[in-house]
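Residue numbers start from 1 in every chain, and the chains themselves are labelled A, B, ... in the order their sequence lines are given, proteins ahead of strands. Keep in mind it's a predicted model, so treat the numbers as computed, not measured.
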Number of protein chains: 4
Amino acid sequence: MKDPAQRAVNPEKYHRILEAAISVFAEEGFFNSTISRIARKAGVADGTIYLYFKNKNDILLHFFNYKTRQVFGTFRKEVDKAHDARGKLGNLIRAHLREFQNDRNMAVVFQAEARQIRYFEVYIKDLATMYFDLVGEILELGQKEGTFRSDLDTGLVKRAILGAVDEVINTWLHASKKHVLEKHADALADFFINGIGV
Amino acid sequence: MKDPAQRAVNPEKYHRILEAAISVFAEEGFFNSTISRIARKAGVADGTIYLYFKNKNDILLHFFNYKTRQVFGTFRKEVDKAHDARGKLGNLIRAHLREFQNDRNMAVVFQAEARQIRYFEVYIKDLATMYFDLVGEILELGQKEGTFRSDLDTGLVKRAILGAVDEVINTWLHASKKHVLEKHADALADFFINGIGV
Amino acid sequence: MKDPAQRAVNPEKYHRILEAAISVFAEEGFFNSTISRIARKAGVADGTIYLYFKNKNDILLHFFNYKTRQVFGTFRKEVDKAHDARGKLGNLIRAHLREFQNDRNMAVVFQAEARQIRYFEVYIKDLATMYFDLVGEILELGQKEGTFRSDLDTGLVKRAILGAVDEVINTWLHASKKHVLEKHADALADFFINGIGV
Amino acid sequence: MKDPAQRAVNPEKYHRILEAAISVFAEEGFFNSTISRIARKAGVADGTIYLYFKNKNDILLHFFNYKTRQVFGTFRKEVDKAHDARGKLGNLIRAHLREFQNDRNMAVVFQAEARQIRYFEVYIKDLATMYFDLVGEILELGQKEGTFRSDLDTGLVKRAILGAVDEVINTWLHASKKHVLEKHADALADFFINGIGV
DNA sequence: AATGAATGAGGTTTCATTCAT
DNA sequence: GATGAATGAAACCTCATTCAT
């Protein structure tokens with residue numbers, strides 16, 4: 001009874017439900033989504049959901065947990081490909097934009113529900129935190145390299161960077177014409193590094 | 001039947017309900033809030049809510065409409081106090097941080113629900129859009145003055161700036177110790193103008 | 001507090017409310033009608049209704065009471081104009097059709113709600129009963145005259161006659177093209193007197 | 001979401017709910033009946049009702065649809081048993097009285113609510129219409145046989161006959177002592193065929 | 001493990017009625 | 001007497017969750 005996900009034997013079905021759920025959440029929003037609709041979309045019975053997830057909240061939590069790890073793994077890998085701070089920062093931003101562009105449902109749910117999640121128990125170390133840490137490392141490296149200013153409030157700058165990228169994604173999500181999100185990577189990196197001043 | 005808010009004659013009660021609603025929304029999230037709880041907090045009967053608002057959604061819409069105008073008015077006024085682009089940008093950021101710091105309930109609801117609102121009919125020109133316009137003006141001015149780079153993707157930069165400030169507020173909201181939000185204004189402005197590069 | 005209608009001082013307003021109520025009942029049905037709508041249509045405040053009527057049911061009861069007397073008075077007068085049973089019967093049917101044709105709202109409410117009224121306290125001697133008595137008298141007269149058969153189950157025939165006229169009115173009410181109801185009087189009387197057999 | 005009755009798999013439960021509903025409707029009237037009361041009487045949970053019916057209206061509609069067909073089937077069969085118009089008419093009237101006598105709840109609901117049903121969408125060809133058609137056929141046959149007058153306004157006579165039988169049933173329903181309804185069949189037929197004139 | 005019918009708590013909303021003005 | 005804002009009971013209905021099969 002502890003963790004249904006443990007008992008569950010069919011990982012394929014687990015993922016099918018998770019995908020169905022996210023796509024329903026993306027369409028309707030978490031609170032307007034029904035278990036029934038998710039079950040139908042996943043091609044399982046309503047009750048089956050509860051063999052894999054504790055309850056509706058749990059689905060969202062699993063999603064965050066799962067996607068967060070997966071996406072963060074990608075980010076980390078991309079960051080590691082470069083060896084200086086500028087390169088790493090650029091790679092992170094590009095990966096960030098690309099990943100969200102490639103999975104629109106995920107993007108919608110992250111944008112719309114991630115801030116609701118605090119109303120649930122937050123036992124997940126969420127993407128934001130891991131992102132902050134990653135940017136923090138890059139900033140430190142840049143300062144060590146001497147390519148980034150040493151007088152930065154890095155705690156603040158980390159958040160500013162995430163927020164900026166986040167809002168660009170958000171705008172893209174709600175734009176009518178779907179331009180290519182990833183192409184903004186360079187301009188964003190340039191903005192972060194050089195600012196808007198002459 | 002038209003617009004309950006029109007019929008309603010007691011503006012004091014209208015505001016009491018609105019304030020109560022926002023505080024409940026802030027505590028519980030919009031979807032977990034009940035009319036009953038709002039009514040109790042406002043000191044009115046459940047049915048009374050419906051003399052002033054069409055339904056639960058309508059309360060949130062009224063809030064966005066009302067707060068958006070009010071907050072944006074403040075932003076505009078603060079921006080007008082300065083006469084060069086840097087001064088205006090700094091004033092905007094400072095006002096933004098200050099306003100949200102001064103009304104925590106508003107801040108929570110804006111952060112948590114503003115993105116849900118797209119699931120409703122959005123007939124309001126929302127804060128984000130007005131904010132973008134305001135920053136857009138400042139950027140143009142700065143470019144005209146020669147204090148801001150002329151090679152900016154201003155559409156992108158606008159969004160990045162809002163997103164950055166937004167995320168700083170968001171982090172503050174969920175921090176356990178409540179430091180002073182406004183004190184980050186200078187560091188943020190510095191970040192936007194000079195970037196992180198040496 | 002006993003009978004609001006006693007307290008009421010403005011008979012003009014009493015009738016205005018009654019008329020408004022009947023027209024709303026006719027449009028929406030009794031149960032779907034609201035006091036608010038009646039009040040608006042009568043041009044009075046909601047609360048004013050309760051100065052003239054005990055409650056919503058009471059309005060319908062007053063209507064039945066009032067209309068019944070009025071309509072029955074007309075019936076009686078028309079019946080009295082003829083001096084033989086056939087003439088009286090013809091006059092009754094004609095008056096019945098004419099009265100309902102002339103006041104469509106009344107007709108609708110009688111048809112749709114009169115059978116619901118048994119769910120209320122029935123302290124009124126309703127139109128049906130008075131109608132039965134009237135037809136009963138005519139039947140007896142005809143039998144005394146020797147123009148009507150003496151082997152009739154008069155109790156049954158009374159009801160059959162009312163029912164027949166009633167259903168003709170009912171069909172007329174729901175017909176799309178509004179022909180003249182009254183013109184069926186002779187055919188109905190002929191049917192009652194001579195039957196359909198050769 | 002389509003048609004709950006389709007989804008429902010337990011026909012026994014469907015009928016149990018329908019019967020319970022009709023008996024509650026008969027006791028309280030449609031508008032005064034609550035889903036809760038129906039559910040309790042049917043021995044199911046409130047929510048279960050909605051697995052079988054779209055809503056309260058839908059229950060009534062299903063009843064009319066279902067009972068109408070069933071009762072009309074009986075009428076048709078009885079009419080077919082006789083081969084001349086008089087016999088058919090007599091059989092129809094007798095069947096009509098018998099059916100309603102045998103199912104008092106049905107009778108009450110038909111009498112009290114059938115005219116309310118027009119406030120709902122009426123997608124059913126209702127009993128009245130089918131009845132009219134049946135009587136129409138009998139009248140035509142009688143005229144062809146030469147046993148019924150050829151100068152009848154058959155449209156009118158059809159309605160008169162239904163109305164007459166209907167009102168006899170109605171009176172019976174509200175009478176305190178429950179005599180046998182069916183015994184009026186001959187007198188009614190006699191009245192329709194020979195009229196009241198000598 | 002999988003199903004999906006059944007449950008029933010709980011939410012939103014309506015509206016007849018009251019009562020302070 | 002007239003008003004109409006306020007009340008709050010009560011109804012409908014939804015849907016997450018359970019559990020017998």
Could you tell me the separation between the CZ atom of D:R40 and the P atom of F:dA10, rounded to a whole number of Å? 13 Å
Between A:F31 (CZ) and F:dT14 (C1'), how many Å, whole number? 16 Å
Below 4.0 Å: OP1/OP2 of F:dA2 and any side-chain N or O of C:K13: yes
Rounded to whole Å, the CG-C1' distance (B:N32 to E:dG11) equals 12 Å
Taking B:V44's backbone N and O only, do any of them form a donor-acceptor pair with B:T48's side chain (distance below 3.5 Å, no angle check)? no
Considering only side-chain heavy atoms of D:L51, which listed nucleotide, E:dT14, E:dT7, E:dT18, is closest? E:dT7
Once you round it to whole Å, what is the distance between P of F:dG1 and OH of C:Y14? 16 Å
Residues at least two apart in sequence or cross-chain that pass side chain to side chain contact (heavy atoms under 4.5 Å, CB included) with B:K56, listed by chain then number, are B:F30, B:I35
Between C1' of E:dT14 and CZ of C:R37, the distance in whole Å: 16 Å
Using a cutoff of under 3.5 Å, can you pull out all pairs of nitrogen or oxygen atoms linking the protein to nucleotides 8-10 of chain E, with atom names and distances?
{"from": "E:dG8", "atom 1": "N7", "to": "D:G47", "atom 2": "N", "distance (Å)": "3.3"}

Looking at residues at least two apart in the chain, or sitting in another chain, which of them share a side-chain hydrogen bond (donor to acceptor under 3.5 Å, both in side chains) with C:S36? C:D46
So what's the dot-bracket for DNA chain F: Watson-Crick or G-U pairs under 3.5 Å, [ ] if a pair crosses, | if it pairs off-strand? .||||||||||||||||||||
Quick one: list whatever passes side chain to side chain contact (heavy atoms under 4.5 Å, CB included) with B:E19, sequence neighbours left out. none
Taking only side-chain N and O atoms of B:N10, does any of them lie within less than 4.0 angstrom of OP1 or OP2 on F:dA6? yes
Under 4.0 Å between a side-chain N or O of D:N57 and OP1 or OP2 of F:dC12? no
Nearest nucleotide by nearest heavy atom, which residue falls closer to the 5' end of DNA chain E, B:N55 or C:S36? B:N55
B:F110/B:F64 aromatic ring centres below 6.0 Å: yes
Whole Å only: how far is the CD atom of D:E12 from the C1' atom of E:dA6? 14 Å
Think D:Y52 has a side-chain N or O under 4.0 angstrom from the OP1 or OP2 of E:dA5? no
D:Y14 and D:H62 side chains, donor-acceptor separation under 3.5 Å: yes
side-chain hydrogen bond (donor to acceptor under 3.5 Å, both in side chains) involving C:R40 - partner list, sequence neighbours excluded: none
Looking at every strand, decide which applies to C:I35 at a 4.0 Å heavy-atom threshold: base, sugar-phosphate, or nothing. base
For A:K41, which residues count as a side chain to side chain contact (heavy atoms under 4.5 Å, CB included) partner, sequence neighbours excluded? A:A20, A:S23, A:V24, A:E27, A:R37
5' priority, DNA chain F, between B:I49 and A:S33 [closest heavy atom]: B:I49
Output the rounded distance in Å from NZ (C:K56) to P (E:dC15). 8 Å
Tell me: OH of A:Y50 to C1' of F:dA20, nearest whole Å? 18 Å
Residues in side-chain hydrogen bond (donor to acceptor under 3.5 Å, both in side chains) contact with B:N105, at least two apart in sequence or another chain: none
Applying side-chain hydrogen bond (donor to acceptor under 3.5 Å, both in side chains), name anything that partners A:R16, two or more places apart in sequence or on another chain. A:E12
